[in-house]
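Written below as structure tokens is the structure these notes are about.
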Amino acid sequence: QVQLVESGGGLVQAGGSLRLSCAASGPTGSRYVMAWFRQAPGLEREFVAAVSWGGGTIRYAESVKGRFTVSKDNARNTVLLQMNSLKPDDTAVYFCATSTYDIMSVSVTRCDYWGQGTQVTVSS
């Protein structure tokens, strides 16, 4: 059973930065991609960013390109999401997930393990 634990959420003013971390444990050997999703109140969960297990391939949602950076610390089995120039529209619960699909095919329905989520609130 793969376990994912997110941390690093909080309250920040618009224009500020936060860094989220997702620590993976358990039998992660067959996982190909680690991804970040977010879900705002009343909205569907949406893709944010993903990184291949080795860290060599990255994908972003258009809404966060140029502001967010995803990276992987292979030694610690941890995925980081550096979020800069935050906007109120970025307010959501952020989830970490794993997928065995190709990084370009990753979606909510193609992830098998999920973390519990961490709240990010951006005030205007």
Side-chain angles (χ1 to χ4, degrees):
Q1 185 83 358
V2 173
Q3 292 187 330
L4 303 172
V5 179
E6 303 100 334
S7 61
L11 173 64
V12 65
Q13 288 188 331
S17 299
L18 281 175
R19 189 175 78 164
L20 305 183
S21 177
C22 172
S25 61
T28 57
S30 62
R31 305 301 112 187
Y32 298 146
V33 172
M34 292 193 74
W36 288 96
F37 292 80
R38 66 187 181 186
Q39 187 166 19
L43 299 179
E44 293 185 351
R45 195 168 296 189
E46 65 175 6
F47 172 80
V48 175
V51 58
S52 60
W53 194 252
T57 306
I58 289 174
R59 172 188 164 203
Y60 294 102
E62 286 296 325
S63 59
V64 306
K65 274 184 181 178
R67 301 188 299 120
F68 290 12
T69 302
V70 64
S71 60
K72 191 167 185 293
D73 183 339
N74 289 325
R76 300 179 181 180
N77 256 6
T78 298
V79 177
L80 305 174
L81 185 68
Q82 178 66 41
M83 305 185 296
N84 299 327
S85 302
L86 283 161
K87 306 173 182 179
D89 284 349
D90 294 318
T91 295
V93 177
Y94 283 70
F95 297 90
C96 175
T98 65
S99 176
T100 58
Y101 283 81
D102 178 81
I103 193 170
M104 299 307 295
S105 301
V106 169
S107 64
V108 171
T109 58
R110 290 176 171 175
C111 290
D112 42 12
Y113 291 102
W114 293 84
Q116 81 288 353
T118 186
Q119 177 70 47
V120 171
T121 303
V122 184
S123 63
S124 57

Expected output: side-chain Glu6 to main-chain Gly117 donor-acceptor under 3.5 Å:
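Checked: pair present.
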Measure the [atom1]-[atom2] distance between [X] and [Y] for me, rounded to the nearest 0.5 Å.
| X | Y | atom1 | atom2 | answer |
| --- | --- | --- | --- | --- |
| Thr69 | Ile58 | OG1 | CD1 | 8.0 Å |
| Ser25 | Arg76 | OG | CZ | 15.5 Å |
| Asn77 | Cys22 | CG | SG | 9.5 Å |
| Gln119 | Gln39 | CD | CD | 11.0 Å |
| Thr78 | Leu20 | OG1 | CG | 12.5 Å |

Could you tell me if the side chain of [Y] sits less than 4.5 Å from the side chain of [X], heavy atoms only?
| X | Y | value |
| --- | --- | --- |
| Ser17 | Gln82 | yes |
| Val93 | Arg38 | no |
| Trp36 | Cys96 | yes |
| Phe68 | Asp90 | yes |
| Arg110 | Val33 | no |
| Leu80 | Val70 | no |
| Met34 | Trp53 | yes |

Quick one: does NZ or CZ of Arg59 land under 6.0 Å from the six-membered ring centre of Phe47, within 45 degrees of the ring axis?
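Yes.
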Taking the six-membered ring of Phe95 as reference, does the NZ or CZ atom of Arg45 fall below 6.0 Å from its centre and within a 45° cone about the axis?
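Arg45 over Phe95 ring: yes.
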What is the minimum heavy-atom distance between [X] and [Y], and which atoms define it?
| X | Y | value |
| --- | --- | --- |
| Val122 | Thr91 | N-OG1, 2.9 Å |
| Tyr94 | Leu81 | CD2-CD2, 4.2 Å |
| Ser85 | Arg67 | O-NH1, 3.0 Å |
| Val120 | Gly9 | CG2-CA, 4.2 Å |
| Phe37 | Cys111 | CE1-SG, 3.5 Å |
| Ser52 | Ile103 | N-CD1, 3.8 Å |

Would you check if there is a donor-acceptor pair between the side chains of Thr98 and Asp112 at a distance under 3.5 Å?
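There is such a pair (donor and acceptor under 3.5 Å, judged by atom type) between the side chains of Asp112 and Thr98.
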What do you reckon, is OH of Tyr101 surrounded by more than 12 foreign heavy atoms closer than 6.0 Å?
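Atom OH in Tyr101 is not packed in, count stays at 12 or less.
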